[in-house]
Amino acid sequence: QVQLVESGGGLVQAGGSLRLSCAASGRTFSNYAMGWFRQASGKEREFVAAISGNTIYTDSVKGRFTVSRDNAKATVYLQVNSAKPEDTAVYYCAAAIGYYNMRDSRRYDYWGQGTQVTVSS
């Protein structure tokens, strides 16, 4: 079992920044590829970014979001810059064994509870 706890969400003005964190506990963190997803009200959950050794991003966040991880702290981060109102959503981190098809939420075995990000215009 892996437990994931997100933090760092909140209210930010358009153009602003915030950093989301996801702390993992349980099994060896470095064995897992990590992903970030988001779900806006009334919409399906969508892929945002993923990291193992490499990183991938959905097109709408490229150049604005940065995913990183600190294996010593068993934590994955999502730096959000130049925030837009359309980034408003609940953000979830997730863990998967193996780094393939990371855009597919079905690949992930463990999920956090989510953290709300609201971007005001």
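Below, each value reflects all heavy atoms present in this structure, side chains not excepted, and no hydrogens, waters or symmetry copies.
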Between the CD atom in Gln116 and the CZ atom in Arg38, the distance rounded to the nearest 0.5 Å is 12.0 Å
Worksheet entry | Val76 with Leu18, same ILVMFWY side-chain cluster at under 4.5 Å | yes
Do you reckon Val12 sits in the same ILVMFWY cluster as Val67, going by side-chain contacts under 4.5 Å, direct or chained? yes
Interatomic distance, OH@Tyr91 vs CG@Asp87, rounded to 0.5 Å, equals 4.5 Å
Nearest heavy-atom approach of Thr115 to Gly9 is OG1-N, 3.2 Å
Between Ala96 and Met102 the two heavy atoms that sit nearest each other are CB-CE, 4.2 Å
Quiz item: Relative to each other, are the rings of Trp111 and Tyr92 parallel, tilted or perpendicular (30° and 60° limits)?
Solution: perpendicular
Note to self: Distance alone, cut at 3.5 Å: any donor-acceptor contact between the side chains of Arg103 and Asn101?
What the structure shows: no
Checklist line | Ionic contact status for Lys62 with Asp59, cut-off 4.0 Å | finding: yes
Separation between CH2 (Trp36) and CD (Glu6), nearest 0.5 Å, reads 5.5 Å
Close side-chain approach of Ile97 and Asp109, heavy atoms under 4.5 Å = yes
Closest heavy-atom pair, Pro85 versus Ser121, reported as atoms and distance to 0.1 Å, is CG-CB, 3.8 Å
query = Any luck finding a side-chain donor-acceptor pair between Tyr77 and Arg19 under 3.5 Å?
reply = no
d(Gln79 CD, Arg64 CZ) to nearest 0.5 Å is 12.0 Å
Closest non-hydrogen atoms of Ala95 and Tyr32, given as atom of the first, atom of the second and distance, are CB-CD2, 3.9 Å
Check your understanding: Do Leu11 and Ser120 have side chains that get closer than 4.5 Å, going by heavy atoms?
Key -> yes
Compare all side-chain heavy atoms of Phe29 with those of Met34 and state whether any distance is below 4.5 angstrom.
yes
Phe47 and Phe37: ring-ring contact (aromatic ring centres under 6.0 Å, His included), yes or no, with the steps?
CA-CA 4 Å; Phe47 171 78; Phe37 287 76; 5.6 Å; yes
All heavy atoms of Tyr99 vs all of Ala50, minimum pair found to be OH-O, 3.7 Å
**Message:** So Val48 and Phe65, do their side chains get closer than 4.5 Å, heavy atoms only?
**Reply:** yes
Donor-acceptor pair between Ser17 and Asn81 side chains, under 3.5 angstrom
yes
| query | Hey, does the side chain of Thr75 reach the backbone of Lys73 with a donor-acceptor pair shorter than 3.5 angstrom? | reply | yes
Rounding to 0.5 Å, atoms CG (Leu78) and CD1 (Ile51) come to a distance of 10.5 Å
Decide yes or no for Gln39 and Glu46: does some side-chain heavy atom of the first lie under 4.5 Å from some side-chain heavy atom of the second? no
Rounded to the nearest 0.5 angstrom, the CZ-SG distance for Arg69 and Cys22 is 10.0 Å
Main chain of Asn71, side chain of Ser30: is a donor-acceptor contact present, judged purely on distance under 3.5 Å?
no
